[in-house]
Amino acid sequence: MVVYYFSSQGRWIAFRENETGKNLFGPRTEWLGWPVWDGQDVCGAATKSYLGTLVGDRLLRKASAPSRVAPFAPFAPSCLSL
């Protein structure tokens, strides 16, 4: 079951294929990143750094982004199977 994430204003900004999915996609199916570190913080695919934090059905950015070493990036996924 697809899980949708919204901005703090309630606008749909991301989704993943299920609750434990390893990849986060944008509304145009572009690969945004993947949940890493504690499973809630998302590493951005383009920047290889902190993108935001999953809080319930929201993708929020902390005012003070945590400084973490970016993990090895997985191969870019395809969401054509969704």
Side-chain angles (χ1 to χ4, degrees):
M1 179 175 183
V2 177
V3 179
Y4 296 95
Y5 296 97
F6 303 89
S7 68
S8 60
Q9 291 83 28
R11 186 173 52 96
W12 174 53
I13 56 172
F15 72 93
R16 60 180 169 169
E17 58 274 13
N18 58 49
E19 190 66 39
T20 59
K22 296 181 190 238
N23 296 293
L24 199 65
F25 298 96
R28 295 183 182 157
T29 67
E30 69 276 16
W31 183 40
L32 296 178
W34 67 101
V36 292
W37 301 301
D38 61 2
Q40 300 303 312
D41 289 337
V42 177
C43 184
T47 63
K48 306 294 185 287
S49 62
Y50 175 76
L51 178 69
T53 301
L54 300 173
V55 181
D57 67 349
R58 305 288 173 156
L59 176 59
L60 306 172
R61 186 163 180 84
K62 294 178 181 174
S64 301
S67 60
R68 302 184 190 230
V69 176
F72 175 75
F75 290 107
S78 169
C79 68
L80 297 176
S81 61
L82 294 177

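None of these values were measured; they are calculated from a predicted model.
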Supply the atom-to-atom distance [X] [atom1] to [Y] [atom2], rounded to the nearest 0.5 angstrom.
| X | Y | atom1 | atom2 | answer |
| --- | --- | --- | --- | --- |
| Glu17 | Lys22 | CD | NZ | 9.5 Å |
| Leu59 | Phe6 | CG | CZ | 11.5 Å |
| Tyr5 | Arg58 | OH | CZ | 12.5 Å |

With side chains defined as the heavy atoms from C-beta onward, is the minimum distance between Val42 and Val36 less than 4.5 Å? no
So, do Leu51 and Leu32 sit near enough that their side-chain heavy atoms are less than 4.5 Å apart?
yes
Under a side-chain separation threshold of 4.5 Å, the hydrophobic residues clustered together with Leu60 are Val55
Excluding Met1, membership of its hydrophobic cluster (Ile, Leu, Val, Met, Phe, Trp, Tyr; side-chain heavy atoms within less than 4.5 Å) reads none
### Query
Among the clusters formed by ILVMFWY side chains lying less than 4.5 Å apart, do Val3 and Phe25 turn up in the same one?
no
On a heavy-atom basis, the closest approach of Trp34 and Ala45 is CZ3-CA, 4.0 Å
Minimal heavy-atom distance between Arg16 and Leu54, with the atoms involved, is NH2-CD1, 3.8 Å
>> Between Gln9 (side chain only) and Ser7 (backbone N and O only), is there a donor and an acceptor less than 3.5 Å apart?
In response: no
Fill in: Mutual orientation of the aromatic rings belonging to Phe15 and Tyr4 [parallel < 30°, tilted 30-60°, perpendicular > 60°]
tilted
